[in-house]
Amino acid sequence: MRYTKLEVGFLNMADTGILESLLRLVDKVDGGIDSQVVASSLGVDHQVVVGAVKSVQALGEVIEAEQRSSKHWELTGEGQEIAEQGSHEARVFKAIPEEGLSQSQLMKLPSGKVGFSKAMSNKWIHLDKGHEGGPRVFRMVESIEDVVRKKLQQVQMGHSSQLEEKEKNELKKRKLLTEVTVKSYWITKGSNFSTIITKQETELTPEMIASGSWKEKKFKPYNFDAMGVAPDSGHLHPLMKVRTQFRQIFLEMGFTEMPTNNFIESSFWNFDSLFQPQQHPARDQHDTFFLSDPAVAHDFPQDYLERVKKVHSEGGYGSQGYKYDWKIEEAQKNILRTHTTAVSARMLYKLAQQEEFTPVKYFSIDRVFRNETLDATHLAEFHQIEGVVADYGLTLGDLMGVLHQFFTKLGITKLRFKPAYNPYTEPSMEVFSYHKGLNKWVEVGNSGVFRPEMLLPMGLPEGVSVIAWGLSLERPTMIKYGINNIRELVGHKVNLQMVYDSPVCRLDS
Amino acid sequence: MPTVSVKRDLLFQALGRTFTDEEFDELCFEFGLELDEITSEKDIISREQGDQKASEASDVVLYKIDVPANRYDLLCLEGLVRGLQVFKDKMEAPRYSRVNPLNGDPQRLIITGETASVRPHAVAAVLRNITFTPERYDSFIELQEKLHQNICRRRTLVAIGTHDLDTISGPFTYTAKAPDDIRFKPLNQNQEYSATQLMGFYKTDSHLRHYLHIIEDEPLYPVIYDSNGIVLSMPPIINGDHSKISVNTKNVFIECTATDLTKAKIVLDMIVTMFSEHCDQPFTVEEAEVVYPDGRMVTYPELAYRTETLSADYINSKVGINETAESIAQLLTRMCLKSEVTSDGAEIQVEIPPTRSDVIHACDIMEDAAMAYGFNNITRTTPRTYTVANQFPLNKLTELLRLDLATAGFTEALTFALCSQEDIADKLQKNLKDTKAVHISNPKTAEFQVARTTLLPGLLKTLAANRKMPLPLKLFEISDVVLRDESTDVGARNSRRLCAVYYNKTPGFEVIHGLLDRVMQLLEVKPGRNHGYYIQAAEDSTYFPGRCAEIFSHGKSIGRLGVLHPDVINSFELTMPCSALDIDIEPFL
């Protein structure tokens with residue numbers, strides 16, 4: 001079990017003998033004892049005592065241990081050598097006999113180099129460069145006092161406090177002394193103090209429950225800092241979780257879902273019926289996927305098609321039209337739909353064919369396709385969210401009101417609207433919301449009132465207005481889940497760990 | 001959306017005041033523009049070519065302003081300033097007028113019958129006694145470029161040529177000739193070329209090569225001559241060098257040749273309304289006559305003003321405000337739509353100037369009233385539309401099943417609806433012809449050749465991208481595939497599929513089989529031959545021989561399950577055994 005594994009490990013490391021010796025020592029002293037003192041009085045390494053302290057701590061409130069750290073000076077390896085054999089300079093001095101020693105011979109001594117220069121600067125020795133037979137070194141004084149050795153011996157005996165800070169630092173610079181920090185514990189009795197260690201159970205067993213033996217047993221405490229075991233489960237994709245929430249919002253607002261399960265659309269329903277002229281850049285090969293097979297659509301409602309052709313090429317319904325040569329061949333071209341508004345057009349046309357007009361609220365969330373250049377935020381396919389309301393007498397104020405309600409459900413309450421252009425809506429508005437993190441207004445969607453040139457040829461009554469808005473599903477999802485590259489979210493390159501780890505989706509929080 | 005780049009200080013000078021960036025951004029927002037970027041030539045060059053190249057460049061502050069795609073009247077500094085000044089009540093919209101030449105007859109452009117096959121329309125006008133400055137000249141060139149890129153659809157619909165009228169003499173002839181019969185010195189070149197040579201010459205020109213295709217394969221190329229046989233231009237490719245304009249040009253002859261006459265008239269109106277501001281008689285344009293092959297003569301530019309009459313009630317009821325006719329007339333006047341209330345006070349007469357070709361219906365006027373009123377001043381209301389919500393049954397079923405598949409321990413994938421032909425055919429060991437796939441004619445890469453006919457390749461690619469994850473991997477997706485179907489108007493339909501894969505060191509057929517049993521349980525279909533579901537051994541090249549079964553429900557085949565063929569596993573760059581389930585869920589609606 002993860003929660004107790006750690007403690008079992010410590011118990012195995014330190015045998016119970018040490019633990020009990022430790023506890024007896026703690027029992028004897030008043031007010032506590034340092035773990036270093038324990039180590040020296042038990043004659044074991046300090047680390048063993050530290051292990052024992054941790055093991056006892058794991059048993060509950062037997063002892064209390066407060067970590068402390070203390071600093072003290074220690075001799076380095078070289079320092080120890082000097083304490084025993086004398087400093088390099090002293091050893092050099094001793095090596096020089098009455099008649100002197102040639103410099104080259106002196107340098108061969110183990111302490112030669114360092115000792116020579118130190119002894120020179122101490123003015124213990126001098127060098128006769130012009131001596132026949134090469135430079136020769138002679139004693140300058142009768143006797144010397146090896147202060148360095150003496151100081152090191154003092155430290156060795158634990159009297160480092162007798163040296164001045166300056167002296168210690170000098171020896172530290174010569175790499176003879178070092179200052180070490182020792183972490184130890186101040187051990188005191190705990191609320192459950194006892195000098196006897198009882199064996200602890202790791203887990204409750206069916207036998208203990210049956211026999212009632214659990215009442216007498218002590219149980220090892222759990223380590224609540226450990227992570228639990230992940231449950232075996234499947235996971236929903238984050239984008240689809242967000243889709244579910246948007247569906248829910250539309251349903252709460254009384255919107256009916258449109259059948260958008262037709263990725264292939266004719267240019268007629270995708271563009272012409274929306275009063276989007278045939279030379280419009282969106283209808284270019286660079287923006288739209290056209291089909292080679294099946295390349296063209298058939299079976300258009302013929303009289304409606306004639307009305308669409310007329311309003312484009314000549315105008316009508318109070319419109320000047322675009323005054324160009326409208327071609328059926330363009331309208332017939334099959335494409336991958338560039339927006340779900342193509343489905344809205346089909347639905348509104350269907351609505352117009354009803355015996356009597358009834359108000360509707362429609363929504364859809366489904367895939368659309370653009371033959372665009374791909375980057376970190378654009379793919380060739382994405383999900384469009386769309387809402388449509390058709391009724392008599394709807395106003396631009398109504399559109400703003402509906403958008404306000406919709407975005408409030410997403411947790412966005414501060415909205416403003418910018419005039420924009422869209423071939424099939426007039427007025428057209430870009431929807432901006434205030435982003436607190438970025439400290440600026442960011443575009444969150446597009447909206448507008450469908451043009452009469454789109455609605456009247458369908459046969460909708462004159463006084464009926466249709467308001468609509470749209471946004472992408474990917475963008476709010478990327479913001480919600482903090483994803484910067486769309487490929488990590490959509491498509492086969494998704495990181496499944498991200499899917500496993502993604503939280504529930506509450507758009508309004 | 002076109003972006004216009006203007007020098008900030010020139011803009012402020014023309015607007016008669018300075019703004020902070022925030023103030024100007026705010027003004028743009030209100031007017032339906034977007035201050036997209038604040039930059040300088042230096043910034044732009046240093047970003048595109050590095051700091052070194054930029055050291056010489058100007059650091060004059062530039063505003064890059066996004067203009068709505070239908071507002072050609074805002075594509076240059078002159079138009080932007082005029083629009084904003086009228087909007088802020090700083091000036092009245094000018095009245096543009098077409099005038100006769102001071103002396104002599106109007107310039108004349110004669111169209112010959114040969115143009116009919118390639119580019120049949122042409123319009124023309126003269127800007128008389130214009131004063132350019134370096135800034136105005138740049139703006140004039142820039143406006144033509146913006147128009148070419150937008151309304152002219154990269155010169156396919158309309159091409160503009162502007163000429164120094166004092167270097168040429170009318171009448172001008174717009175004709176079409178065989179490429180070898182056209183010879184002239186093109187703009188900024190030192191020697192004459194034949195049109196055929198020119199087309200070769202410009203193949204490598206980074207700017208002009210994009211327009212060559214418009215006439216390249218035509219037997220006759222369009223060309224305009226003056227009365228002395230000097231070539232003005234070979235539209236839509238290049239002008240002649242002889243008549244090129246400069247900052248010192250005083251009289252400009254403008255011709256627009258087109259395949260769409262409506263757009264040509266708009267383009268001509270835009271150029272002359274914008275730049276007649278700099279003529280000695282501001283906002284006047286000298287007319288030119290265009291003679292058609294049938295002898296018909298038309299005078300251009302049209303500069304037509306149109307009047308629409310509408311009621312205050314129409315505006316109020318569409319926008320959701322309650323303004324008097326007078327106040328609405330004032331709002332519209334601020335949008336360059338000069339408006340007056342009729343004498344009986346009931347209606348508003350709105351005059352649409354030649355600069356506002358975007359206004360084609362009363363609803364466009366209504367939008368302008370709303371903009372001038374301020375979108376954000378309109379009271380937000382709740383429509384009383386009463387409706388009952390319904391889910392689309394197929395999506396409702398999908399939502400319910402997704403949740404239960406995740407509950408069953410499978411993780412949802414979301415894969416692309418478009419893929420390569422290889423993905424749905426070769427890699428699954430299927431023949432492309434048998435897939436009933438729809439094919440895309442203009443994919444930029446192989447990833448978008450077809451719409452998927454099965455969800456399986458997407459799931460296998462998801463496995464391949466996640467091979468480092470702990471095994472087993474259990475994935476599912478419920479989504480649409482696309483199949484050819486002659487019975488629909490477009491010849492294709494979507495089909496909603498449920499696909500799941502189990503990827504582990506052992507094939508786990510029993511796991512995927514168990515998932516099928518669970519799905520059927522959820523769909524309330526019991527095991528059984530007649531009114532239930534059963535599986536039956538099947539041959540399928542995607543699956544390992546003897547390890548594939550067809551699934552029948554109520555006697556109809558709904559899909560397959562089995563252990564994938566090792567070659568399929570390899571082709572998707574996988575290394576472990578894998579079993580799969582692939583069914584159509586539409587029969588369960």
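Throughout, protein chains are lettered first and strands after them, A, B, ... in sequence-line order, and every chain is numbered starting at 1.
Only the backbone of A/H280 comes within less than 4.5 Å of a heavy atom in chain B; its side chain stays farther off. No part of A/K333 comes within reach of chain B, as not one of its non-hydrogen atoms sits under 4.5 angstrom from that chain. Heavy atoms closer than 4.5 Å to chain A are found in the side chain of B/L394, but not in its backbone. Heavy atoms of B/R402 lying under 4.5 Å from chain A belong to its backbone as well as its side chain. Looking at B/D480, the atoms closer than 4.5 Å to chain A (heavy atoms on both sides) sit in the backbone and in the side chain alike. Contacts of A/Y362 with chain B are absent, with no heavy-atom separation under 4.5 Å from either backbone or side chain. Contacts of A/Q332 with chain B are absent, with no heavy-atom separation under 4.5 Å from either backbone or side chain. The part of B/A370 that comes within reach of chain A is its side chain, from C-beta onward, which places non-hydrogen atoms under 4.5 angstrom from that chain. Heavy atoms closer than 4.5 Å to chain B are found in the side chain of A/L239, but not in its backbone. For chain B, the nearby part of A/L336 is the side chain; its heavy atoms alone come within less than 4.5 Å. Looking at A/E381, only its side chain comes within 4.5 Å of chain B, counting heavy atoms on both sides. Heavy-atom distances place no part of B/R71 under 4.5 Å from chain A, backbone and side chain included. Heavy-atom distances place no part of B/L463 under 4.5 Å from chain A, backbone and side chain included. Heavy atoms closer than 4.5 Å to chain B are found nowhere in A/V449, neither backbone nor side chain. Both the backbone and the side chain of A/T244 come within contact range of chain B, with heavy atoms under 4.5 Å apart. A/E443 does not touch chain B: none of its heavy atoms, backbone or side chain, sits under 4.5 Å away. A/T358 does not touch chain B: none of its heavy atoms, backbone or side chain, sits under 4.5 Å away. Residue contact with chain A, scored on non-hydrogen atoms closer than 4.5 Å, is absent for B/K474. Contacts of B/T387 with chain A are made by both backbone and side-chain atoms, with heavy-atom separations under 4.5 Å. Only the side chain of A/V389 comes within less than 4.5 Å of a heavy atom of chain B; its backbone N, CA, C and O stay farther away. Residue contact with chain B, scored on non-hydrogen atoms closer than 4.5 Å, involves the backbone and the side chain of A/F290 alike. The parts of A/V490 that come within reach of chain B are both its backbone and its side chain, each placing non-hydrogen atoms under 4.5 angstrom from that chain.
In this structure, the side chains of B/E412 and A/K241 stay at 4.5 Å or more apart for every pair of heavy atoms. Considering only heavy atoms from C-beta on, B/P383 comes within 4.5 Å of A/V402 through its side chain. Side chains of A/R367 and B/S479 form a contact here, defined as non-hydrogen atoms less than 4.5 Å apart. In this structure the side chain of B/I360 reaches within 4.5 angstrom of the side chain of A/E453, judged on heavy atoms. Put simply, the side chain of B/F375 reaches to within 4.5 Å of the side chain of A/M400, judged on heavy atoms. Here the side chains of A/W269 and B/D489 are in contact, with some heavy-atom distance below 4.5 Å. Within the 4.5 Å cutoff, side-chain heavy atoms of A/I264 are placed close to those of B/V482.
Separating the CD1 atom in B/I440 from the CG atom in A/N334 is a distance of 12.0 Å, to the nearest 0.5 Å. Once rounded to the nearest 0.5 Å, the distance linking CZ of B/F416 with CZ of A/R487 reads 6.5 Å. A/E430 contributes atom CD, which lies 6.0 Å from atom CD of B/E34 (distance to the nearest 0.5 angstrom). The distance from atom CG of A/L496 to atom CG of B/L473, rounded to the nearest 0.5 Å, is 6.5 Å. Annotation: the span from B/F392 atom CZ to A/D366 atom CG amounts to 9.5 Å, rounded to 0.5 Å. Summarising the geometry, atom OG1 belonging to B/T488 is positioned 9.0 Å from atom CG belonging to A/D299; distances are rounded to the nearest 0.5 Å.
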What verdict does the side-chain contact (heavy atoms from CB on, under 4.5 Å) test give for B/E399 and A/Q248, after you've listed the backbone C-alpha separation in whole Å, the side-chain angles of each residue and the deciding distance to 0.1 Å? CA-CA 11 Å; B/E399 286 285 293; A/Q248 182 66 30; over 6 Å; no
side-chain contact (heavy atoms from CB on, under 4.5 Å) between B/R484 and A/D293: does it pass, once the steps are laid out? CA-CA 9 Å; B/R484 293 202 49 157; A/D293 184 23; 2.2 Å; yes
Where do A/F289 and B/L418 land on the side-chain contact (heavy atoms from CB on, under 4.5 Å) test, with the steps shown first? CA-CA 11 Å; A/F289 286 115; B/L418 305 184; 3.8 Å; yes
The test is side-chain contact (heavy atoms from CB on, under 4.5 Å); show your working for A/Y322 and B/T262 and say whether it passes. CA-CA 8 Å; A/Y322 293 123; B/T262 310; over 6 Å; no
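A salt bridge does not link A/D391 with B/R384: every distance from a Lys NZ or Arg NE/NH1/NH2 to an Asp or Glu carboxylate oxygen is 4.0 Å or more. Between A/R451 and B/D364, at least one side-chain N (NZ, or NE/NH1/NH2) sits under 4.0 Å from a carboxylate O, which counts as a salt bridge. Taking the charged nitrogens against the carboxylate oxygens, A/K440 and B/D25 have no contact shorter than 4.0 Å, which rules out a salt bridge. Remark: A/K418 does not engage B/D66 in a salt bridge, criterion side-chain N to carboxylate O under 4.0 Å. At a threshold of 4.0 Å, the pair A/E426-B/K318 does not count as salt-bridged, since none of the basic side-chain nitrogens sits closer than that to a carboxylate oxygen.
Although no hydrogens or angles enter the test, the distance criterion places a donor-acceptor pair under 3.5 Å between the side chain of B/K444 and the main chain of A/N371. Looking only at distances, no side-chain donor or acceptor of A/T395 sits under 3.5 Å from a matching main-chain atom of B/S317. B/N442 places a side-chain N or O within donor-acceptor distance of the main-chain N or O of A/T288, the cut-off being under 3.5 Å. A distance-only check finds a donor-acceptor pair linking the side chain of B/T411 to the backbone of A/H235 [under 3.5 Å]. A donor-acceptor pair is defined here as one N or O able to donate and one able to accept, closer than 3.5 Å; such a pair exists between the side chain of A/T256 and the backbone of B/N390. Side chain of A/H492 to main chain of B/P457: no donor-acceptor pair is present (N/O by atom type, distance under 3.5 Å, no hydrogens or angles). A donor-acceptor pair is defined here as one N or O able to donate and one able to accept, closer than 3.5 Å; such a pair exists between the side chain of B/R153 and the backbone of A/Q279. In terms of modelled atom types and a separation under 3.5 Å, the side chain of B/N376 and the main chain of A/F417 share a donor-acceptor contact.
Among all heavy-atom pairs drawn from B/V490 and A/S266, the shortest one is CG1-N, 3.6 Å. Shown here for B/N466 and A/V494, the closest heavy-atom pair between the two residues is ND2-O, 2.9 Å. B/E367 and A/S428 get closest at one heavy-atom pair: OE2-N, 2.9 Å.
Most heavy-atom pairs under 4.5 Å with chain A: of the set B/T385, B/D368, B/I321, this distinction falls to B/T385. Considering only heavy-atom pairs separated by less than 4.5 Å from chain A, the leading option among B/A492, B/G409, B/A437, B/P68 is B/G409.
Ring-centre distance between B/F29 and A/F432: below the 6.0 Å cut-off.
Enclosure of atom CG in A/D232 is not indicated, since only 12 or fewer non-hydrogen atoms of other residues, nucleotides or ligands lie within 6.0 angstrom.
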